[in-house]
Amino acid sequence: MQRIVLWMVGALVMVGLAVVGGPVLNAGFQPGAAASWVARSGTWTVADGLLVGESGRALFSVELGSVRRVEAVIDHVQGEWATVIGKHESDEAWVEARVSATGITLVAWSGGREKAWTQAVAVAFPATVIVAFAGERARVVVNGETVLQASDGVFADLGGDVGLGAQGQAGFSLFHASSLSGPVLITSLGQSPGALMAKVLADRIGIESTYETMAKPEMVEGNGTLILVIGASSKGLGAAGISVEDESARGAALVAKAQVLGWGIVVMHIEGEPRRGTLTDELIDEFTPVAGYVVVKADGNADGLFTSLCAASGIPLRTIVATAQGADVLADLFGLWK
Amino acid sequence: MILAVVLLLGLTSVAQSPITHDVRPGYGVTSIGWLSDYHSPLRGTPGDTRVYVLDSGVSGGTALVLGGTHGNEIAGVVAAVMLVERAIPTEGRLIVIPHANNAVHGYPDSRCPSCPSWVELNGPDGASRLFRYSPRLTNPAHQSPDSSSYVHPSGLAFAGEEARNLNRVYPGVADGTLTERIAYAITRLVIEESVDYVFDLHEAGVTSRLAHTLVCHPRALQVGAIAVMDLELEGLVMKLEPSREEFRGLSHRELGDLTEALVFLIETPNPGQESGLDAPDVVADPVHPLEERVGVHLAFVLEVLNIGRSLGHPPVSVNGVPNHQQLVQLGVSTWLNW
Ligand SMILES: [Zn+2]
């Protein structure tokens, strides 16, 4: 069963698109990718790992809540701006961030009225742009810096699709949209203390979470998000009387149940280089591709293992330098940013 | 002949009184006792050692700091001495045993023939102080010869010489070997003084997997996880390891299992414990100087106490202790009494 699930995900990856179960949409743009986007206007083509748009909008259909975030990697802008569309109910009701080399404009169109918030900032491409909504608040994060925050009822009211746009030509190498929510089930794959660190981080942002080192599929019920914290040592597993195969099977069962119930899945490796090694790497290889989002501590990815696994599956990879920074990432993912 | 016997007995009795050290208690010290106060058969043996109590007079918890479990792990000894000389508790109590195994002295270190027997620290006005740098294990002259193996009461078997390793014989045996009696007395102290936090300060070879590790009893793991994450933000990088079941005989496992205390073991890198180094400088190593290692020990002790307090564990607050940066900038001697 586990192999079948992974194979299916793998097959989707091969055509360049991994739609992870639940309130997460990931898209990479490999040649020959199945079209998950719908060109609403302009021309949209996939070439050399990029989705290239020309004067128009492409929409992705996914069921997301009002509290949501859209993350895109803008490869280049040749023209006026690239657009990251956070909400699109209709051509008359939408919110989008326009990104140029010199600034960001957040534009909301609703009820026949346009509202706009602008921030001048030098943007280096490729640029990772996050447009996030939480209640009446919205923010735009560019290359790790929050460059614009705004508060307005329109952000809470609207929902709908997400998407990308271009005024002139723009290229995108990654698109991700998610609407993760609690309760969160945090478990370890490999029984290292990284999972406990993730629990501490979850507590810090005040999200409801359960920490269970040996979580079983029965604990995946209702709505929620599964956080798999990978980290193994032969000593830890040996002492607990568990093999890496046991952990792999338990993880696969959790993932299968989470996918059936439409949970988001976040994979974390937050103990750095000392927590890499043969056993850990087996779990990384197996579970990174099923993630909707991946968080890694930089020195744990010094060899680029996560980078290549995530790129192959079109999964956003967030890198932190210190483990404690994981709290900000979780706050971002769950719409609990300040 | 009779005179010779009397002389011999006299010499024997002199040789068996515990070695005293150059420790210069500061204003924080409110009483000085002996480890044998907690197990009288230890009195008059080389295993007896000084116990320094620093009582704030304000109700709170009790923290026990053990330096010198292993005679060559000098940063732990100096960190403990520094607490005796400089710490001023403002809440709860600090109990410090700078030379937890005081029976390690007076014989050559076969593991490191080029290591010093004394470490000299220079102070103001040409003053200097000497600290013993001794082998890891109890002096074989103080204990019956090693068997081919040492079997811990739990049934776990170690190499024979480990019978002289204080950190393999916890919780100790009341009428056992000298090393077992030392462990027993420390266990009695933890129980009788209702110790809430135990810190066992160690060092390891600079390339050892153990160097830069905070080992926590499972009940102490959450506090440890927060300490590791918080101090990483200040540039102090430590691995977090839980005590495993197979760590029978070790302080963090046995004291944690037997008492309510949160038990931690801190490991810093000591070039003197690196095999293959010709003339290790255990004080002024350019990469791992003593002040850096002492700074790590003290930073983790104080951080754990802060976090314990914030999580509702019995509070122990301590002033007067330099932070890591102050130690690195001004050196160890600045923070000792002269
Ligand atoms: Zn040691």
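Chain letters run A, B, ... following the sequence lines, proteins first, then strands; residues in each count from 1. Just so we're clear, the structure is a prediction, and the values are computed from it rather than from any experiment. Values below: every heavy atom of this structure, side chains too, minus hydrogens, waters and symmetry copies.
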Spatial distance of atom CG (A:D203) from atom CD (B:Q222) [nearest 0.5 Å]: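 Rounded to the nearest 0.5 Å, the CG-CD separation comes out at 7.0 Å.
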
From CG (A:L196) to CD1 (B:I226), nearest 0.5 Å: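 Spacing of CG (A:L196) from CD1 (B:I226) equals 8.0 Å.
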
B:E241 and A:R275: CA distance, side-chain angles, deciding distance, salt bridge (charged side-chain N to carboxylate O under 4.0 Å, His left out) verdict: CA-CA 11 Å; B:E241 288 289 351; A:R275 198 64 72 189; 3.3 Å; yes

Pick from A:G194, A:A322, A:S192 with the largest number of heavy-atom pairs that fall under 4.5 Å of chain B: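 Highest number of heavy-atom pairs under 4.5 Å: A:A322.
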
Closest non-hydrogen atom pair between A:A324 and B:E232, with its separation: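 Minimum heavy-atom separation between A:A324 and B:E232: N-OE1, 4.3 Å.
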
Least distance between heavy atoms, A:P274 atom then B:K239 atom: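 For A:P274 and B:K239, the tightest heavy-atom pair comes out as CB-CD, 3.4 Å.
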
For [X], I'd like to know if atom [atom1] has over 12 heavy atoms of other residues, nucleotides or ligands within 6.0 Å.
X: B:E246; atom1: CD; answer: yes
X: A:N223; atom1: CG; answer: no
X: B:E260; atom1: CD; answer: no

Region of A:Q191 that comes under 4.5 Å of a non-hydrogen atom in chain B: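 Just the backbone, heavy atoms under 4.5 Å.
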
Close side-chain approach of A:S233 to B:R244, heavy-atom, < 4.5 Å: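 Yes. Closest side-chain heavy atoms under 4.5 Å.
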
Heavy-atom side-chain proximity of A:E271 to B:V228 below 4.5 angstrom: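 The answer is no, as the side chains (C-beta and beyond) never meet within the 4.5 Å cut-off.
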
Ion pair A:R204/B:D230, N-O distance below 4.0 Å: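 Yes, A:R204 and B:D230 are salt-bridged.
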
